[in-house]
Amino acid sequence: MSGNPQNGAQRASTQESGHVTPGRPTGDRRGRLIFIGELVIMAMLVGLLPNLPPGPRSANAAGGPVLVSVDTLRTRPTSGAAWTGLKAIADLPVGTISLADQDSSADIRVLAKGLVFARLGTESYRQAVIAALKSAVGTEQGGRTLALGRNLPGFVIAADLVSLRTADPAFDTGQFRPWLRSLLTEVLDGRTLTSTHEDRPNNWGTHAGAARVAIAAYLGDAAILARAAAVFHGYLGSRADYAGFSFGDLSWQCDASKPVGINPAGCTKSGVSIDGVIPDDMRRGGVFQWPPVDTNYPWENLQGALLQAEILHTAGYDTWNWENRALLRAVRFLYNRAGWPAVGDDQWQTWLIDARYGTSYRVASPVRYGKNFGFTDWIYGASATAAAPPPTPAPTPRPTPTPAVAPTPAPVPGTAVVSASAPTTNLATTTRLSLTTVPVRVAWSLSGDPAKLARYDVQRSVDGGAYQRAVIASATASRFVVALSPGHRYRFRVRAVDRAGRVSAWATGSDTVLARRQQTAGSYAGSGWLTAGASVYLGGSAKASRAARAGVTFSFSGTSVAWIGPVGPTRGRASVYVDRRLVTTVNLYRSTFQPRQVLFATRVAAGSHTLTIRVAGTAGHPWVAVDAFAVLTPR
């Protein structure tokens with residue numbers, strides 16, 4: 001194996017945490033003098049070795065790795081879907097590095113190269129990482145702390161995995177470490193990583209926290225790490241450790257007088273369990289109501305929180321058990337109560353959750369990487385040296401043929417001890433829209449003990465026709481996304497089947513009509529609106545402006561609305577308002593042009609509403625375009 005792929009854990013592998021020499025009473029003056037003399041001799045010896053780079057102060061007793069030791073990674077397989085997925089990303093060019101671009105994937109590619117180097121020791125991967133680290137310095141300027149929080153951890157973990165300290169000590173001590181320390185207090189758009197972590201109990205704060213603890217662990221700064229750990233403990237619910245956050249709407253809080261980042265165990269509101277709710281990101285889907293308005297912000301929050309927890313766990317903190325396993329309770333709420341499983345770039349979280357809690361949320365490899373981390377199916381999956389499970393004995397052949405199994409088992413008499421709520425529908429964001437369909441998320445919740453649920457039966461009726469079976473991702477999934485055609489009326493129904501085979505009554509949702517409106521349905525204000533014609537747009541054209549404060553308002557009557565448009569290298573940010581209330585800011589910048597994206601979607605109460613999109617005028621790439629709108633209306 002070429003190179004010297006040692007990180008903090010290997011450099012300290014011969015040290016023992018808290019070691020005390022036996023047989024030497026603490027009150028023995030002679031023993032103390034001998035010990036002091038030994039220290040003097042050691043100091044003299046160090047003085048004779050001026051070429052050794054200075055080591056960091058240890059963040060934990062063993063001076064361990066930032067995230068995972070190289071020795072652990074060397075036990076991971078070099079075959080299989082997880083490895084193939086990791087290697088494919090590692091072999092891609094890093095591309096343009098900009099820590100100010102919150103949608104950049106350069107950090108993930110650098111992390112992948114660091115992981116592959118740790119496993120194989122191939123020098124080219126290490127050199128690629130070092131070159132990327134040098135290019136990254138200073139690129140955070142002009143961005144926001146959210147972008148820095150998302151992008152930085154992958155670079156820091158990779159620097160540790162390739163042992164930058166020994167591979168390029170001049171750069172490590174002369175530039176990289178001072179730069180990392182400066183990032184903790186560098187002002188970006190009015191905030192710093194530290195202030196964002198300590199002020200924002202939402203996705204901004206958790207991503208900033210992950211970057212903060214990665215820096216502290218790499219620098220070996222125990223004081224910064226301890227402060228960050230206290231803030232994180234406060235976010236999880238321990239207000240005695242930290243309670244300095246600024247919260248938004250408090251309707252999702254268990255106790256509005258004592259707000260927290262994750263609601264405590266056993267919490268209920270209006271007869272609904274909100275144990276494990278992440279209030280400051282649930283509010284971004286709307287004030288408390290049940291069932292909740294669909295929003296992906298809680299999963300985005302957990303991306304930062306889980307990485308923060310794992311880095312602190314590696315440093316010796318018991319984060320995964322803090323506040324009655326707060327992180328597991330948050331995941332259980334999203335799966336079992338809200339019916340929002342991890343999808344897309346949130347899927348990497350399932351493998352880390354399973355590794356720390358022994359659960360079974362993980363999805364098939366290769367798992368998609370996220371905004372700040374990934375490759376968890378390889379890092380936390382089975383090791384290459386693990387013994388293969390014993391083969392399952394083949395069943396004994398029977399002389400009589402086995403009858404064909406019906407696609408859906410017939411119900412048995414009796415009423416199920418579990419039931420489903422009436423399904424709701426709302427428009428869903430997606431990375432690419434077809435010319436003829438629109439993605440709609442169908443969701444419901446379970447009433448009863450999840451352990452007694454065997455499956456759901458889901459059916460769909462179109463334009464009042466007979467119900468037909470709808471396919472969901474798994475037997476117990478409580479939501480799915482389906483492509484529906486505009487201009488039709490849809491109705492969904494769900495029933496629960498318990499483990500005894502008994503079924504509940506059908507729970508039927510409302511008739512809903514799906515409509516798609518061209519961009520001309522909006523009312524445009526401000527300067528600079530142009531019409532761009534292209535066959536890739538849904539109606540052959542789109543409206544676009546680059547002027548700051550230019551806006552478009554779409555009036556509609558329904559329960560869900562979506563904005564459809566393109567992303568690309570000339571696209572900037574836009575603020576989105578529902579009924580004149582700011583809901584979110586959408587970043588439309590991507591390295592390549594991609595049309596027909598569902599850029600924003602939300603669910604609202606039935607009735608008349610307005611959706612307003614306002615151009616931010618982003619420097620260097622200001623354009624914002626509107627291709628179409630989509631609406632779901634109950635009938």
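Numbers here are sequence positions counted from 1.
Not counting sequence neighbours, the partners of R356 by the salt bridge (Lys or Arg N to Asp or Glu O under 4.0 Å) test are E310.
Note: R144 CZ to D189 CG = 6.5 Å, rounded to the nearest 0.5 Å. Note: L302 CG to N203 CG = 10.5 Å, rounded to the nearest 0.5 Å. Residue T476 holds its OG1 atom at 8.5 Å from CG of N336, rounded to the nearest 0.5 Å. Atom CG of D498 sits about 10.5 Å away from atom OG of S419, to the nearest 0.5 Å. Atom CG of residue L352 and atom CZ of residue F373 lie 7.0 Å apart, to the nearest 0.5 angstrom. Taken from CZ in R200 to CG in D280, the straight-line distance is 7.5 Å, to the nearest 0.5 Å.
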Any chance you could lay out the side-chain hydrogen bond (donor to acceptor under 3.5 Å, both in side chains) test for Q347 and R368, step after step, and finish with the verdict? CA-CA 6 Å; Q347 292 179 341; R368 183 174 168 182; over 6 Å; no
For side-chain hydrogen bond (donor to acceptor under 3.5 Å, both in side chains), just list the numbers for T437 and S485, CA-CA rounded to whole Å, side-chain angles, deciding distance to a tenth of an Å, and then say yes or no. CA-CA 5 Å; T437 62; S485 299; over 6 Å; no
Evaluate the criterion ring pair (Phe, Tyr, Trp, His ring centres under 6.0 Å) for residue pair W351 and Y361; output intermediate values, then yes/no. CA-CA 7 Å; W351 283 80; Y361 293 113; over 10 Å; no
Check against side-chain hydrogen bond (donor to acceptor under 3.5 Å, both in side chains), D281 and N301: CA-CA 7 Å; D281 276 311; N301 181 301; 2.7 Å; yes
Given salt bridge (charged side-chain N to carboxylate O under 4.0 Å, His left out), test D249 with R284 step by step and report yes or no. CA-CA 9 Å; D249 176 79; R284 296 167 85 170; over 6 Å; no
Using the side-chain hydrogen bond (donor to acceptor under 3.5 Å, both in side chains) rule, take D354 and T359 through it: C-alpha gap first, then chi angles, then the decisive distance, then the call. CA-CA 5 Å; D354 284 357; T359 48; 2.6 Å; yes
Trace of the salt bridge (charged side-chain N to carboxylate O under 4.0 Å, His left out) decision for R362 with D377: CA-CA 8 Å; R362 58 186 177 272; D377 52 343; over 6 Å; no
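Between D463 and R489, none of the side-chain N atoms (NZ, or NE/NH1/NH2) sits under 4.0 Å from a carboxylate O, so this pair counts as no salt bridge. For the pair D345 and K371, the salt-bridge criterion is met [side-chain N within less than 4.0 Å of a carboxylate O]. Taking a cutoff of 4.0 Å between a charged side-chain nitrogen and a carboxylate oxygen, D457 and R455 qualify as a salt bridge. Comment: D107 does not engage R150 in a salt bridge, judged by the lack of any side-chain N to carboxylate O separation of less than 4.0 angstrom. A salt bridge does not link D627 with R596: every distance from a Lys NZ or Arg NE/NH1/NH2 to an Asp or Glu carboxylate oxygen is 4.0 Å or more.
By the 30° and 60° cut-offs, the orientation of the rings of F232 relative to W322 is tilted. Aromatic ring orientation, F492 versus Y490: parallel (interplanar angle below 30°, classes split at 30° and 60°).
Here the closest heavy-atom approach between residue A422 and residue T508 is recorded as CB-O, 3.5 Å. V440 and T425 get closest at one heavy-atom pair: CG1-CB, 3.9 Å. Listed here is the closest heavy atom pair of G522 and V552: CA-CG2, 3.9 Å. Heavy atoms only, all atoms of each residue included: Y235 and P201 are closest at CE1-O, 3.7 Å. Between P279 and G261, the shortest heavy-atom contact is CD-O, 3.2 Å. Taking both residues in full, the closest heavy atoms of A210 and G304 are given as CB-O, 3.7 Å, listed atom of the first, atom of the second, then distance.
Side chains of R460 and Q468: a donor-acceptor N/O pair is absent below 3.5 angstrom, by distance only. Using a 3.5 Å distance cut-off with no hydrogens or angles, the side chains of N296 and D346 do pair a donor with an acceptor. In this model, a donor atom of one side chain and an acceptor atom of the other lie less than 3.5 Å apart for E300 and H207. Of the N and O atoms on the side chains of S257 and D255, at least one donor lies less than 3.5 Å from an acceptor on the other residue. No hydrogens or angles considered: nothing links the side chains of S541 and T531 as a donor-acceptor pair under 3.5 Å.
Under a cutoff of 6.0 Å and an axis angle of 45°, R573 and Y589 do not form a cation-pi pair. Cation-pi geometry between R283 and W252 is not satisfied (NZ or CZ under 6.0 Å from the ring centre, within 45° of the ring normal).
The number of heavy atoms from other shown groups lying within 6.0 Å of CZ (R590) is above 12. Other residues, nucleotides and ligands contribute at most 12 non-hydrogen atoms within 6.0 Å of the CZ atom of R546. Sparse packing is recorded around CZ of R549, with 12 or fewer heavy atoms of other residues, nucleotides or ligands lying under 6.0 Å away.
Aromatic pair W506/Y467: centroids not less than 6.0 angstrom apart. Ring-centre distance between Y524 and W529: below the 6.0 Å cut-off. Remark: aromatic rings of Y335 and W340 are distant, center separation not under 6.0 Å. Remark: aromatic rings of F629 and W563 are distant, center separation not under 6.0 Å.
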